[in-house]
Visitor: 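Let me give you the structure first, and then I'll get to my questions.
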Amino acid sequence: MTPFEIARLDFTPEAVGRWAPLDHRNSNWPVVYVLDDAKRSTPRVMTIERLHDIYVGESLNAAARMRQHFASPEKQHLNTIRVIVDDTFNKSVCLDLESYLIRMLAGDGSYRVLNRNDGITEADYFDRDRYRETFREVFEQLRRDGVFTRSIPEIENSDLFKLSPFKALSQDQAVAVEGILEGLFEDLESGATSTIVVQGEPGTGKTVVAIYMLKLLVDIATTSPAEDLDSDSLFSEFFVEGYGELLADLRIGLVVPQQSLRESIKKVFRKTPGLRPNMVMTAFDVGFADQNFDLLIVDESHRLNQRANQPSGVQNKNFRIITEKLFGSDDTTKTQLDWIRAKSKHQIFLLDAAQSVRPADLPAELLDELVREARAANRHYPLASQMRVQAGSDYVAYVRRILGTAPNTGLPEPARPEAFEGYDFRMFDSVAEMRDEIRQRDAEAGLSRLLAGYAWEWKTKNDKTAYDIEVDGSRLRWNSTQTDWIASPKSVDEVGSIHTIQGYDLNYAGVIIGPDLRYDARAGRVVVDRGSYFDKKGKENNPVLGKTYTDDDLLRFVRNIYTVLLTRGIRGTYVYVCDPALRAYLRDFIPRSK
């Protein structure tokens with residue numbers, strides 16, 4: 001196999017004119033090219049203050065394509081061309097390599113990627129695995145030339161990569177996005193309001209769809225129909241006359257209830273043309289906004305709040321002020337879901353009711369009603385493909401069954417262990433051994449962390465020298481930051497809570513199931529120990545609405561928490577169980593670490 005070549009030249013008509021006749025492949029062969037505005041010959045370190053721009057494309061006639069780019073105002077400042085040529089490349093390979101480089105560049109974070117989000121493809125083709133090896137070699141050569149600043153594992157483990165809008169969608173994600181676009185444009189044209197629901201279990205890519213949709217809509221709104229667009233792109237049909245006009249001056253926002261995930265997404269938006277950090281909001285931001293929105297996309301909608309005692313007095317006051325402002329009185333039955341609907345003509349809610357983890361979260365009956373409404377209006381889109389856990393969707397269902405969180409089921413079904421080939425799922429008898437294993441996995445693959453249920457007091461909030469979790473002779477501390485904890489320097493030596501990990505991926509998760517979850521052998525069921533659960537907001541009653549939460553209510557939240565924790569690991573999940581009876585029960589369903 002002839003090795004690929006990377007030609008480098010100035011982004012000028014004169015340079016392209018000299019280069020084009022040197023090889024017939026320059027004007028009659030499928031190639032991938034990279035344009036940027038940072039002339040250099042050695043690797044560099046970029047800063048947020050001085051990001052350079054980059055564009056990746058593919059063409060059968062690179063010389064002619066360059067002449068089109070010279071006429072584009074958005075690319076006038078670019079100055080360097082790299083053309084990747086290989087005698088074995090075909091159109092499918094080039095589309096795949098283009099997609100790969102766009103994703104990696106967005107994850108590297110040293111450039112603003114100028115490409116539109118018109119539908120990165122993830123199609124299969126002949127000998128794809130072999131070509132994927134070539135892609136890694138292309139990456140390394142570009143890295144040596146200073147285009148990339150980080151290694152492939154460093155990029156793939158970063159939030160910039162995982163939360164990038166430049167993702168290759170799964171089949172059901174693509175079907176959902178296309179259906180949402182068709183319905184939204186139909187409603188925009190008719191002037192009707194609309195409520196869309198995207199529903200999926202952990203790891204099905206709900207956050208990916210939310211970010212992807214926002215970038216796609218911004219690109220449709222700002223792309224001129226006269227601009228050249230690859231007709232093979234997934235959503236090219238929407239980059240034609242009429243659609244952009246419907247989106248003109250549309251006020252769009254992305255609502256993210258969790259602080260940690262919200263800040264991570266803002267970081268991505270700072271480096272993505274067309275997206276701005278102030279597009280990412282809390283429900284309180286929406287309620288206080290001076291103007292209404294045309295469209296609000298709500299990620300993790302199950303974490304929106306009903307009226308309940310908020311974490312601070314200021315938020316309690318603000319909840320009342322917003323409700324009075326929107327509905328004329330302090331109607332305590334109104335929720336943040338009602339705020340969203342009152343402040344926008346169109347909404348896209350992404351949710352999984354089984355990931356509600358606190359009494360203040362929207363009640364299950366409201367979420368069920370939202371789903372029923374969307375189904376009745378043909379605006380309901382399920383996501384089924386497992387994008388996170390390499391064990392597949394069967395693993396998520398299995399975890400829910402053994403903990404008793406699967407809808408309408410008892411414990412457990414089936415009553416026998418299941419094997420997940422290629423997935424490292426193990427139970428440990430020692431926290432110290434599990435911690436050592438997590439540290440080893442982190443050294444090998446990165447992004448491996450300890451997690452736990454909220455079954456210990458948070459002593460280190462007031463005393464940084466204290467330890468929070470003392471189990472089996474091991475002493476551990478809770479996460480020292482709420483924002484972007486998994487990427488923080490201390491995180492590999494700390495334990496993450498549900499509030500720092502929901503919505504994130506890990507390569508390996510080591511989960512400590514605390515004494516808040518126990519097994520009643522006589523009754524043959526998992527039970528909650530209220531006295532061992534220390535999230536005050538996770539178990540307090542709701543006097544405003546006259547709600548008292550029973551142990552069964554609390555059990556639902558605690559089991560949901562552990563289901564979330566046990567479905568964070570891409571490559572593996574390790575488990576330590578504090579309660580001896582629960583440990584004995586789960587040994588029948590989780591392989592024991594040797």
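Computed from a predicted model, the values in this text were never measured in an experiment.
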Visitor: Donor-acceptor pair, distance only, cut-off 3.5 Å: does the side chain of Arg568 make one with the backbone of Tyr504?
Guide: yes
Visitor: Decide side-chain contact (heavy atoms from CB on, under 4.5 Å) for Leu214 and Met279; before the verdict, give the C-alpha distance in whole Å, the side-chain angles of both, and the deciding distance to 0.1 Å.
Guide: CA-CA 10 Å; Leu214 186 53; Met279 288 177 158; 4.2 Å; yes
Visitor: A side-chain contact here means heavy atoms from C-beta on lying under 4.5 Å apart; do Ile348 and Val198 qualify?
Guide: yes
Visitor: Keeping Gln386 on the side-chain end and Arg388 on the backbone end, is there a donor-acceptor pair under 3.5 Å?
Guide: yes
Visitor: With a 3.5 Å cut-off and no angle check, do the side chains of Asp472 and Ser474 form a donor-acceptor pair?
Guide: no
Visitor: Please report the closest heavy-atom contact between Ile340 and Val255, naming both atoms and the distance.
Guide: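 Nearest pair, atom of Ile340 first, then Val255: CD1-CG2, 4.0 Å.
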Visitor: For Tyr562 and Asp516, which I'm curious about, is there any donor-acceptor pair between the side chains at under 3.5 Å?
Guide: yes
Visitor: Quick one, Tyr508 and Ile570 - any side-chain contact, counting heavy atoms below 4.5 Å?
Guide: no
Visitor: Could you walk me through whether Ile196 and Gln347 pass side-chain contact (heavy atoms from CB on, under 4.5 Å), step by step?
Guide: CA-CA 6 Å; Ile196 292 166; Gln347 310 93 35; over 6 Å; no
Visitor: Measure centre to centre between the rings of Phe420 and Tyr395, then say whether the value is under 6.0 Å.
Guide: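 Distance test on ring centres: under 6.0 Å, yes.
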Visitor: Looking only at atom types and distance, does a side-chain atom of Asn479 sit under 3.5 Å from a main-chain N or O of Ile486, one as donor and one as acceptor?
Guide: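 Absent.
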Visitor: Determine whether Phe135 and Val93 make a side-chain contact, defined as any pair of heavy atoms from C-beta on separated by less than 4.5 Å.
Guide: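 Heavy-atom side-chain distance check passes, below 4.5 Å.
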Visitor: May I ask you to say whether Asp493 pairs ionically with Arg477, meaning some side-chain N is under 4.0 Å from a carboxylate O?
Guide: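 Looking at Arg477 together with Asp493, the answer is no, because their closest N to O distance does not fall below 4.0 Å.
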Visitor: Closer than 3.5 angstrom, by distance alone: can the side chain of Thr272 be matched with the main-chain N or O of Val268 as a donor-acceptor pair?
Guide: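 Judged by distance alone, yes, a pair lies under 3.5 Å.
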Visitor: So, Arg130 and Asp127, do they make that salt bridge, N to O below 4.0 Å?
Guide: yes
Visitor: Is there a side-chain contact between Arg303 and Gln355 (heavy atoms, below 4.5 Å)?
Guide: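 A side-chain contact is absent here, since even the closest heavy-atom pair is not under 4.5 Å.
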Visitor: Kindly indicate whether the side chain of Ser170, heavy atoms from C-beta on, has any atom under 4.5 Å from the side chain of Met387.
Guide: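 They are in contact (side-chain heavy atoms under 4.5 Å apart), so the answer is yes.
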Visitor: Is it true that Asp299 and Arg262 have a side-chain N and a carboxylate O under 4.0 angstrom from each other?
Guide: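 Looking at Arg262 together with Asp299, the answer is no, because their closest N to O distance does not fall below 4.0 Å.
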Visitor: Might you work through the side-chain contact (heavy atoms from CB on, under 4.5 Å) test for Ile513 and Val575, ending with a clear yes or no?
Guide: CA-CA 7 Å; Ile513 299 180; Val575 186; 3.9 Å; yes
Visitor: Test side chain to side chain donor-acceptor pair (under 3.5 Å) on Ser385 and Asp172; report intermediate values, then the result.
Guide: CA-CA 7 Å; Ser385 300; Asp172 56 349; 3.2 Å; yes
Visitor: Report yes if some heavy atom in the side chain of Asp361 is under 4.5 Å from a heavy atom in the side chain of Leu304; otherwise report no.
Guide: no
Visitor: Any donor-acceptor pair under 3.5 Å linking the side-chain atoms of His380 with those of Gln199?
Guide: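 Note: Gln199 and His380 side chains meet the donor-acceptor criterion.
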Visitor: Side chain of Ser488, backbone of Trp485: donor and acceptor closer than 3.5 Å?
Guide: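 At least one qualifying donor-acceptor pair exists.
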Visitor: Side chain to side chain donor-acceptor pair (under 3.5 Å), that's the test. Do Thr465 and Asp463 meet it? Break it down for me.
Guide: CA-CA 5 Å; Thr465 66; Asp463 180 2; 2.6 Å; yes
Visitor: Could you tell me whether a side-chain N or O of Arg583 sits under 3.5 Å from a main-chain N or O of Cys578, the two making a donor and an acceptor?
Guide: yes
Visitor: Assess the pair Trp478 and Tyr454: is the distance between their ring centroids shorter than 6.0 Å?
Guide: yes
Visitor: Would you indicate whether the side-chain heavy atoms of Gln502 and Leu261 approach each other to under 4.5 Å?
Guide: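 Not in contact.
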Visitor: Please determine if Glu437 and Arg441 form a salt bridge, counting it only when a charged side-chain N lies under 4.0 Å from a carboxylate O.
Guide: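 Result for this pair is yes, salt bridge flagged.
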Visitor: Look at Asp424 together with Arg571 and state whether they make a salt bridge at an N to O cut-off of under 4.0 Å.
Guide: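 Salt bridge flag = no for Arg571 with Asp424.
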Visitor: Side chains of Ser92 and Tyr131 only: does a donor on one sit below 3.5 Å from an acceptor on the other?
Guide: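 Looking only at side-chain atoms, Tyr131 and Ser92 do not form any donor-acceptor pair under 3.5 Å.
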Visitor: Arg475 and Asp468: salt bridge (charged side-chain N to carboxylate O under 4.0 Å, His left out), yes or no, with the steps?
Guide: CA-CA 7 Å; Arg475 300 197 300 171; Asp468 301 297; over 6 Å; no
Visitor: Does Lys206 count as lying over the ring of Phe349, i.e. NZ or CZ under 6.0 Å from the six-ring centre, within 45 degrees of the axis?
Guide: no
Visitor: Shortest non-hydrogen contact from Ala106 to Phe166?
Guide: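 Of all heavy-atom pairs spanning Ala106 and Phe166, the closest is CB-CD1, 3.7 Å.
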Visitor: Mind running side chain to side chain donor-acceptor pair (under 3.5 Å) on Thr282 and Asp285 for me, showing each step along the way?
Guide: CA-CA 5 Å; Thr282 66; Asp285 294 332; 3.2 Å; yes
Visitor: Are side-chain N/O atoms of Asn305 and Gln310 paired as donor and acceptor at under 3.5 Å?
Guide: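 A pair is found: one side chain offers a donor N or O, the other an acceptor, under 3.5 Å apart.
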Visitor: When you measure from the side chain of Asp535 to the backbone N and O of Lys537, does any donor-acceptor pair fall under 3.5 Å?
Guide: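 A pair under 3.5 Å: yes.
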Visitor: Near Arg587 CZ, under 6.0 Å, is it more than 12 heavy atoms from other residues, nucleotides or ligands?
Guide: yes
Visitor: For Asp159, what residues pass the salt bridge (Lys or Arg N to Asp or Glu O under 4.0 Å) criterion, not counting sequence neighbours?
Guide: none
Visitor: Give the intermediate values and the outcome of side chain to side chain donor-acceptor pair (under 3.5 Å) for residues Ser480 and Glu494.
Guide: CA-CA 8 Å; Ser480 55; Glu494 297 175 341; 2.8 Å; yes
Visitor: Would you say Ser448's side chain and Gly446's backbone share a donor-acceptor pair under 3.5 angstrom?
Guide: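 Yes, Ser448 side chain to Gly446 backbone: donor-acceptor pair under 3.5 Å.
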Visitor: Check whether any side-chain heavy atom of Arg103 sits under 4.5 Å from a side-chain heavy atom of Glu98, and report yes or no.
Guide: no
Visitor: Side chains of Asn309 and Asn542: is there a donor and an acceptor less than 3.5 Å apart?
Guide: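 No, no side-chain donor-acceptor contact under 3.5 Å.
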Visitor: Between the side chains of Tyr467 and Thr460, does any donor sit under 3.5 Å from an acceptor?
Guide: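 Distance-only check fails for Tyr467 and Thr460.
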Visitor: Under a 4.0 Å threshold between the charged nitrogen and the carboxylate oxygen, would Asp520 count as salt-bridged to Arg525?
Guide: no
Visitor: For Glu263 and Thr483, test the side chains for any donor-to-acceptor distance below 3.5 angstrom and give the result as yes or no.
Guide: no
Visitor: For Ala353 and Asn560, work out which heavy atoms get closest and say how close.
Guide: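 The pair with the smallest heavy-atom distance is O-ND2, 4.2 Å.
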Visitor: Heavy-atom count around Glu421 CD within 6.0 Å, excluding the residue itself: above 12?
Guide: no
Visitor: Test Tyr574 against every option in Arg435, Glu433, Arg426 by the side chain to side chain donor-acceptor pair (under 3.5 Å) rule and name the one that passes.
Guide: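 So, applying the side chain to side chain donor-acceptor pair (under 3.5 Å) to Tyr574 and each of Arg435, Glu433, Arg426, only Arg426 qualifies.
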Visitor: Which heavy atom in Trp458 sits nearest to a heavy atom in Gln482, and how many Å separate them?
Guide: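 Shortest heavy-atom separation between Trp458 and Gln482 comes out as CH2-NE2, 4.0 Å.
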Visitor: Go through the steps to decide whether Arg400 and Asp352 satisfy the test salt bridge (charged side-chain N to carboxylate O under 4.0 Å, His left out), and finish with yes or no.
Guide: CA-CA 13 Å; Arg400 283 184 163 168; Asp352 175 10; 2.9 Å; yes
Visitor: Taking all atoms of both residues into account, what is the closest heavy-atom pair of Thr500 and Thr481, and its distance?
Guide: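 So the two residues come closest at CG2-O, 3.8 Å.
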Visitor: For the pair Lys167 (side chain) and Phe161 (backbone), establish whether a donor and an acceptor sit closer than 3.5 Å, ignoring hydrogens and angles.
Guide: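 Indeed, once roles are kept as given, a pair shorter than 3.5 Å links the two residues.
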Visitor: Less than 4.0 Å between a side-chain N and a carboxylate O, is that true for Asp553 and Lys539?
Guide: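 No, Lys539 and Asp553 are not salt-bridged.
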Visitor: If we ignore hydrogens and angles and just use 3.5 Å, is the side chain of Tyr423 paired with the main-chain N or O of Gly569 as donor and acceptor?
Guide: yes
Visitor: Step by step, would you call Leu555 with Leu517 a side-chain contact (heavy atoms from CB on, under 4.5 Å)?
Guide: CA-CA 8 Å; Leu555 176 61; Leu517 201 65; 3.8 Å; yes
